[in-house]
Number of protein chains: 2
Amino acid sequence: MTVSTISDVAREAGVSVATVSRVINRNGAVSRATEEKVRSAIDKLDYQPNVWGRSLRRGESRMLLVFVPNVTNPYYANIIAGIEDTARAGFYNTMLCIGGGVQVRRAEYLELLHNGRADGAVFLDAALDSKVVPAAAAEFPVVQGSEYCADESISHVSIDNRSAAEEVAEYLLSLGHRQIGFVGSTNHFISTRQRREGCEAVLRRADIKPLEAFADKDYSFLSGVRAAGELLDRKDRPTALFCISDVLALGAIRAAEERGLRVPEDLTVVGFDDVEYATMFRPMLTTVSQPCYELGQAACELLLRQIRGEGAGTARFLPHKMILRDSSARRAVES
Amino acid sequence: MTVSTISDVAREAGVSVATVSRVINRNGAVSRATEEKVRSAIDKLDYQPNVWGRSLRRGESRMLLVFVPNVTNPYYANIIAGIEDTARAGFYNTMLCIGGGVQVRRAEYLELLHNGRADGAVFLDAALDSKVVPAAAAEFPVVQGSEYCADESISHVSIDNRSAAEEVAEYLLSLGHRQIGFVGSTNHFISTRQRREGCEAVLRRADIKPLEAFADKDYSFLSGVRAAGELLDRKDRPTALFCISDVLALGAIRAAEERGLRVPEDLTVVGFDDVEYATMFRPMLTTVSQPCYELGQAACELLLRQIRGEGAGTARFLPHKMILRDSSARRAVES
DNA sequence: CTGAAAGCGCTAACAA
DNA sequence: TTGTTAGCGCTTTCAG
């Protein structure tokens, strides 16, 4: 029941605490024999070094913060897994800070950096106009994942959203679509902006202006239904829809169904992220997949390096991939 | 950039560290004048008490562990929110331990209790035959939420799964169904067992033996499709399906679609949990809702009480509610 | 190779 | 009302 300390171990092994410490940390020379004694004392007492004493002494918490807008969207699950595995491999623990939108919570989480409970942070929710991230980055090791703020000097890992969006737009053109809709979002994420820019740029070259509608900040299913609905109710209704997230794309399919439109026969729908949902429902979604786990890994590696003082801000871009499935098809020829 | 300590503040304010400590912790008497001096010194130096020193001294970490099987299932999101809000209100932080299934991770998380990084744990993933939970409970404050292990002496908060399942079964009978299927799971959760027992008990009284099939441990959508499919392929095919989770119910609907069966006209499907999905797709799911946020609150309150030494193991049951929507209907009369 | 001892930042007796 | 001081558990010089 009572947890044992380093001095308990020292007493049990008949050595000094310094020696025990040396054994635990594998630094300093210790004879085979004493090491053996110490190890068995440790086993016997089920000793675990108390982290507070260690942290106090070493001046590090071995704890990382991970800011994530929400945790329900499966998109984040793999990123988080990548971060956590990498952290653990470097002997760091991670603390998930969910719902960065709520100001109070955010502030409280950030305090953890100030009072020494955490050594650095990964932000997965950096808005373009974020003040919080630059402020934190000025004082502590910080890395951004997926999204990043306007201050380019702060490290970030993401895919190249712009060229991914260009690929999607080109694909839609290649299917013969000319009336193309874009379902974006009102949030201030850089991915939102870049996907829109990429899409517009390609279509502009083909002299096409996309019809645009915007879902809520949180990519909610229902706001996807609404936004796509706006587009589908126009008389110059699009024959293809590029949605900046899979959840939105699922909403778009629902909006189509409600209007008696078949996907993909009457309407092509393309999503983004390739979350689990994408294959769960009919038709399975054509979408862009991101290397989420690797993104988490890369972000965490960058952070650890920064904590070790080995490097400052960097940008890393990871490869994406278009996944062709059932929700997209060649434009039906008017008969 | 350099973080200031309590002695910096003391020096700045021209008082002793003890006085500063008194001001911070609002204990011990301090004159208005000195308090003022100390406070302005704190502001000036942007001082935050270092948590390591404090924890080391007080012998508490003010950190709680939350073990959750996964984080993608929206069922957990609200429970977690309830736990976190309650924890924060009591000046505790929480650390999410995701994926208790992976043995290694679990062990590493449990170490946090031993080495003093956490003061207690909420388990949302206690299997009936869990060894880990009783072991942890023997040494540390522990509470279980939703699920609980066979050792009844360990605190837990949940709904009364058995009577909820009875209600569902009675509802199905009241709709005129006589061929009733049960889609369970191969996991070892007590909720799984109790829902099955409740269903069987009611049907037995009506001299009906449910047709049963079992999805994977993780309630995955695809395993729901498979399990429900088994039942629907029988020649004595059920006209109603009770699924122990909403995701499974969604899978059942998909299986029905694949066989050209309409829900609810040809097949009634009832889920469990009332997650967000339940209303996202057509038909909207008839299901049983759980007071998730409150469940999280209650579990955390119990844990905090236990940490304070105010109470040992208790069981708390929260009310559930059947939600009638579009996926259930009176049995079609054979014509 | 091993031990003694200082000190990380903080709180809580105990003195004054 | 305030200050002095011991000590929480640990690491790390510095001696031996």
Side-chain angles (χ1 to χ4, degrees), chain A residues 2-42 45-63 91 93 111-119, chain B residues 2-39 41-42 45-63 91 111-119:
Chain A
T2 58
V3 177
S4 44
T5 74
I6 197 171
S7 9
D8 295 333
V9 177
R11 198 173 321 114
E12 175 73 28
V15 298
S16 75
V17 293
T19 304
V20 178
S21 174
R22 288 191 192 98
V23 172
I24 299 168
N25 298 293
R26 290 184 166 64
N27 59 2
V30 179
S31 76
R32 283 275 297 148
T34 12
E35 165 152 11
E36 211 46 62
K37 278 193 298 184
V38 172
R39 292 225 174 273
S40 62
I42 288 176
L45 300 181
D46 191 25
Y47 169 72
Q48 300 265 105
N50 176 302
V51 189
W52 302 112
R54 176 175 283 180
S55 287
L56 185 54
R57 183 56 223 237
R58 298 216 265 221
E60 60 171 23
S61 67
R62 293 259 143 195
M63 172 78 95
F91 303 102
N93 276 104
E111 267 184 23
L112 299 178
L113 287 169
H114 276 104
N115 63 26
R117 255 173 127 96
D119 297 335
Chain B
T2 58
V3 177
S4 45
T5 74
I6 196 170
S7 11
D8 295 333
V9 176
R11 196 174 321 110
E12 175 73 28
V15 299
S16 75
V17 292
T19 303
V20 178
S21 174
R22 286 190 194 102
V23 171
I24 299 168
N25 299 293
R26 291 184 166 64
N27 59 3
V30 178
S31 76
R32 284 276 296 150
T34 14
E35 165 153 10
E36 211 47 61
K37 279 193 296 184
V38 171
R39 292 223 174 275
I42 289 177
L45 300 180
D46 192 25
Y47 168 71
Q48 300 264 105
N50 176 303
V51 191
W52 307 324
R54 176 176 281 179
S55 287
L56 186 55
R57 178 59 224 231
R58 298 216 265 223
E60 59 170 25
S61 67
R62 294 259 143 195
M63 172 79 95
F91 303 102
E111 268 183 22
L112 300 178
L113 287 169
H114 277 103
N115 65 23
R117 252 175 130 95
D119 297 336

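Just so it is clear: chains get the letters A, B, ... in the order the sequence lines come, proteins before strands, and each one is counted from 1. Keep in mind the model is a prediction, meaning the values are calculated, not measured.
- Put simply, CZ on A/Arg62 is 14 Å from C1' on D/dT11, counting in whole angstrom units.
- Here C/dC10 presents its C1' atom at 13 Å from CG of B/Asp8, a figure rounded to the nearest Å.
- Considering only heavy atoms from C-beta on, A/Val20 stays 4.5 Å or farther from A/Val23 through its side chain.
- Computed from coordinates, the B/Leu45 CG to C/dG9 C1' distance equals 15 Å when rounded to whole Å.
- Looking at heavy-atom distances under 4.0 Å, B/Val15 makes contact with sugar-phosphate atoms alone, never a base.
- Within the structure, every side-chain polar atom (N or O) of A/Asn50 is placed at least 4.0 Å from both OP1 and OP2 of D/dC8.
- For the pair A/Asn25 CG and C/dC1 C1', the interatomic distance rounds to 17 Å; values are reported in whole Å.
- The interatomic distance linking A/Arg117 (CZ) with C/dG9 (C1') rounds to 15 Å, in whole Å.
- When distances are taken from the side chain of B/Ala29 to each of D/dT1, C/dT2, D/dC10, the shortest belongs to D/dT1.
- Considering only side-chain N and O atoms, B/Asn27 lies nowhere under 4.0 angstrom from the phosphate OP1 or OP2 of C/dT11.
- Neither OP1 nor OP2 of D/dT12 sits under 4.0 Å from any side-chain N or O of A/Ser21.
- Both B/Glu35 and B/Leu56 lie near DNA chain D, and the one whose nearest nucleotide falls closer to the 5' end is B/Glu35.
- The main-chain N or O of A/Trp52 is never found under 3.5 Å from a side-chain atom of B/Ser55 such that the two would form a donor-acceptor pair.
- Considering only side-chain N and O atoms, A/Thr19 lies nowhere under 4.0 angstrom from the phosphate OP1 or OP2 of C/dC1.
- Using a 4.5 Å cut-off on side-chain heavy atoms (C-beta onward), A/Arg54 and A/Ile24 make contact.
- In this structure, of D/dT11, D/dG3, C/dA12, it is D/dT11 that holds the atom nearest to the side chain of A/Arg57.
- Among D/dT2, D/dC10, C/dC10, the nucleotide with an atom closest to any side-chain atom of B/Arg54 is C/dC10.
- Among the nucleotides C/dC10, D/dT1, D/dC10, the one closest to any side-chain atom of A/Ile6 is D/dC10.
- Contact annotation: A/Thr5 does not reach the phosphate of D/dC8 (side-chain N/O to OP1 or OP2, under 4.0 Å).
- Without hydrogens or angle criteria, A/Asn115 side chain to A/Arg117 main chain gives a donor-acceptor distance under 3.5 Å.
- For A/Arg22, whose side chain is taken as the heavy atoms from C-beta onward, the closest listed nucleotide among D/dT11, C/dA4, D/dT2 is C/dA4.
- Checked against side-chain hydrogen bond (donor to acceptor under 3.5 Å, both in side chains), A/Arg62 has the following partners two or more places apart in sequence or in another chain: A/Glu60.
- When heavy atoms are screened at a 4.0 angstrom cut-off, A/Ser55 is found touching no nucleic acid atom at all.
- Here D/dC10 presents its C1' atom at 13 Å from CD1 of A/Ile42, a figure rounded to the nearest Å.
- Residues B/Thr19 and B/Lys37 fail the side-chain proximity criterion, which asks for heavy atoms closer than 4.5 Å.
- The listed nucleotides are C/dA12, C/dC1, D/dG9; the one nearest the side chain of B/Arg58 is C/dA12.
- Between the CD1 atom of A/Ile24 and the P atom of D/dT12 there is a distance of 11 Å, rounded to whole Å.
- Separating the CZ atom of B/Arg11 from the C1' atom of D/dT4 is a distance of 17 Å, rounded to the nearest angstrom.
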